[in-house]
Amino acid sequence: MLSLKPLPLSHNPSFLHSLTPFTPPPFPRTQTLKPSKHASPPSAIQSALQWNRKPELAGETPRVVVITSGKGGVGKTTTTANIGISLARLGFSVVAVDCDVGLRNLDLLLGLENRVNYTLVEVLNGDCRLDQALVRDKRWSNFELLCISKPRSKLPLGFGGKALVWLVDSLKQRPEGCPQFILIDCPAGIDAGFITAITPANEAVLVTTPDITSLRDADRVTGLLECDGIRDIKMIVNRVRTDMIKGEDMMSVLDVQEMLGLALLGAIPEDSEVIRSTNRGYPLVLNKPPTLAGLAFEQAAWRLVEQDSMQAVLVEEEPKRRGLFSFFGG
Amino acid sequence: MEMAALHLPSFSIQPSPPFPKHRVSLNTTQLMTEFVMFQCPSRRNPPKSGSLMIRRRLVRAVSDSGSSTEGAATDSPDENIVVTSDSANDSPPDSQDEKVLVTSESANDSPDSKPLVFVAKLQAAISPLSPFVSSMKIYAGSHSNVIWLSTATAFLLFVAVRVHIGVTRKSKHNRPGTVADLVRRGQLRSDRRGMYAQGISSLKYEDPFNNPYVKLGKSNSTVEMCGKVYKLSPVTLTPEEQAIHQRRRSRAYEWKRPTMFLKEGDSIPPDVDPDSVRWIPANHPFATTASDIDESMAQTNVYQKHGVPFRIKAEHEALQRKLGALQQDQKLNKFFIDSGNAKEYDRSLKLHPKSNEAVDQNPSGNQEGNSSPSSSNSSSSSFNSTSPSDEPQKL
């Protein structure tokens with residue numbers, strides 16, 4: 001099977017051509033709190049024929065990615081869980097950090113809620129070491145989870161962002177090796193939790209839904225990220241209803257892109273299996289057979305690895321009417 | 001008297017006195033017979049009597065031309081035809097093996113026309129058997145129906161047994177005392193069970209772009225996924241448009257990263273830029289009443305790779321110190337207890353004059369023993385003196 005990435009209209013539509021990813025221009029950094037983030041241009045990965053091959057990792061490791069949205073309930077935690085597991089399945093070492101102080105949910109989606117004994121607050125207090133606070137998934141040993149705090153504990157004022165910077169630095173120096181991906185699940189809003197979560201990040205994935213309220217918040221968050229020095233921002237449009245788009249009751253993915261002006265990492269269709277997977281504590285991407293949303297998450301993970309973006313989106317059409325002799329193969 | 005014997009593999013027609021006989025007369029030209037099945041034996045329910053009674057009603061037919069050529073037609077006497085089935089030889093009927101042997105006798109045959117008469121009689125004998133043959137064919141057809149019916153019944157039985165097994169297995173899981181109860185009680189990990197139930201080995205990586213559920217159209221412009229057809233629509237965002245959006249946002253959202261977090265109500269330090277201060281509500285998870293954690297200590301804790309964590313070690317050392325202090329206190333208490341015993345011993349000596357020597361030997365201990373209770377008495381008397389004076393003041 002071939003890749004779902006046709007060429008732009010100027011070229012002969014064919015799947016046999018390679019595509020170059022979008023490379024954002026580098027901007028000078030002004031903040032001193034954050035670690036030095038050299039906005040080096042990613043290697044020119046050409047998304048050639050994608051059949052039966054592992055994605056090629058682009059950029060410097062560890063790649064610290066913050067998954068944020070601004071508006072709550074759009075699917076940040078679901079995106080973090082599914083993309084994290086997809087990356088682990090691809091063979092990359094991943095550490096997922098749940099930075100939602102007070103409303104911890106990432107462990108629930110991953111089915112690891114009974115195994116979280118220590119958090120980053122205990123590490124800061126000296127109650128445990130960092131490796132004792134990391135929860136390793138038994139399904140995929142290269143996936144680890146770290147929660148910031150338990151619901152009733154409080155993170156000290158002032159050095160919440162610094163704590164995450166120390167965390168990333170400590171993970172780089174650990175004996176078992178530096179993780180290739182550090183995914184940070186950002187809390188909703190743009191207050192202290194958001195500021196803490198984006199502190200160590202090099203790049204961002206903005207999760208939004210095709211409704212005007214989410215788009216306005218997403219635009220605000222994008223502005224804050226760019227002010228803070230994060231330029232590599234890609235967008236995932238979640239909960240896409242192709243039937244409503246066809247009936248012009250919902251904005252299309254291209255409309256969303258036109259409003260926000262961000263590169264597309266993925267378009268996730270609305271899927272009831274998301275709720276079932278949450279109830280089971282089993283990420284959607286592990287379903288057999290895969291669902292549409294699971295496939296979309298896997299493709300988004302693939303593009304994240306190669307720092308690629310979508311070049312085309314799927315628009316639902318009327319199904320092909322089968323003729324009388326369709327069962328003969330006509 | 002003409003006799004007709006019809007011989008079949010499982011059915012034999014024999015003259016038997018107990019069965020009703022119907023005298024049938026065979027005419028040279030035409031005979032009409034009508035068979036009425038009494039009882040059709042089946043494989044499952046063989047007839048009890050083991051015999052099949054077939055009533056044959058022979059209707060006299062009037063001969064026509066056939067009889068004139070063969071001479072004067074005479075009314076042949078009635079025939080007795082009885083069909084019996086041999087239960088011992090209960091083999092499946094096979095229409096191909098049916099043999100129909102008809103013999104007939106006639107007392108009025110002339111020697112000259114015997115062959116013709118025989119032929120005519122044979123024809124006459126065979127023709128009335130055609131309905132019987134057709135009925136036997138029907139019987140054979142119905143027999144094949146029996147085969148189909150039995151096959152269908154066997155298949156239904158097989159399906160019923162499988163369903164029963166499936167229901168039994170399900171009920172086994174819902175029965176009390178199964179492994180499901182262990183999972184329910186939290187003794188067994190449900191996530192691990194789910195993982196093993198699905199099979200770790202089956203979780204192989206699959207290329208999301210090479211999935212058999214995604215079918216590309218021949219013209220490479222349509223995609224079929226999960227029963228729905230989609231069209232590929234290319235992205236139209238250009239780098240220039242992207243830069244325009246970035247400029248717009250930089251103008252709209254001017255934001256400085258806060259360097260200081262203060263609780264609501266706190267005063268801003270004099271040398272701090274007010275724009276870099278972020279106010280935190282008192283009930284926010286980030287708010288703490290007292291920052292017990294030293295920043296440098298916290299950093300050290302995060303970077304620690306081996307050994308006992310700092311607080312655990314500190315608590316352990318504190319506990320050890322406390323235990324050491326307790327042990328020392330116990331030693332001192334033991335020493336004080338011994339002196340108390342000596343005082344009591346002194347009292348007993350006073351009662352007895354012989355023990356005065358022992359009292360003289362320990363003058364210092366007595367003094368100490370006397371001084372401590374005297375001091376306590378003085379203190380208690382002073383307390384008593386003050387307390388009544390305090391009481392009117394309180395009132």
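A note on names: the letters A, B, ... follow the listed sequences, proteins ahead of strands, and every chain is numbered from 1.
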Where A:Trp166 and B:Tyr303 come nearest, the two heavy atoms and their spacing: CA-OH, 3.9 Å
B:Phe310: partners by ring pair (Phe, Tyr, Trp, His ring centres under 6.0 Å), with sequence neighbours left out: none
Options B:Gln304, B:Lys305, B:His306, ranked by heavy-atom pairs under 4.5 Å with chain A, top entry: B:Lys305
Minimum-distance pair of heavy atoms, taken over all atoms of A:Gly223 and B:Tyr253: CA-CD1, 3.7 Å
Interface residue of largest heavy-atom contact number with chain B, from A:Glu258, A:Arg220, A:Arg174, under 4.5 Å: A:Arg220
Heavy-atom closest contact (A:Asp127 atom, B:Arg311 atom, distance): OD1-CD, 2.7 Å
A:Arg129 to B:Pro309 - nearest heavy-atom pair and separation: N-CG, 3.7 Å
For B:Arg249, salt bridge (Lys or Arg N to Asp or Glu O under 4.0 Å) partners two or more places apart: A:Asp219, A:Glu226
Check against side chain to side chain contact (heavy atoms under 4.5 Å, CB included), A:Val315 and B:Tyr230: CA-CA 5 Å; A:Val315 177; B:Tyr230 298 89; over 6 Å; no
Backbone N/O of B:Val302 and side chain of A:Ser170: donor-acceptor pair under 3.5 Å: yes
Pairs of heavy atoms under 4.5 Å with chain B: top-ranked of A:Ile195, A:Thr291, A:Val285: A:Ile195
Interatomic distance, B:Leu237 atom CG to A:Gln311 atom CD [nearest 0.5 angstrom]: 10.0 Å
Nearest atoms (heavy-atom pairs only) where B:Val235 meets A:Met310: CG2-O, 3.6 Å
Closest-packed option against chain B by number of heavy-atom pairs under 4.5 Å, given A:Asp131, A:Leu264, A:Val253, A:Leu262: A:Leu262
Residue pair A:Met259 / B:Arg248: nearest heavy atoms and the distance that separates them: O-NH2, 3.9 Å
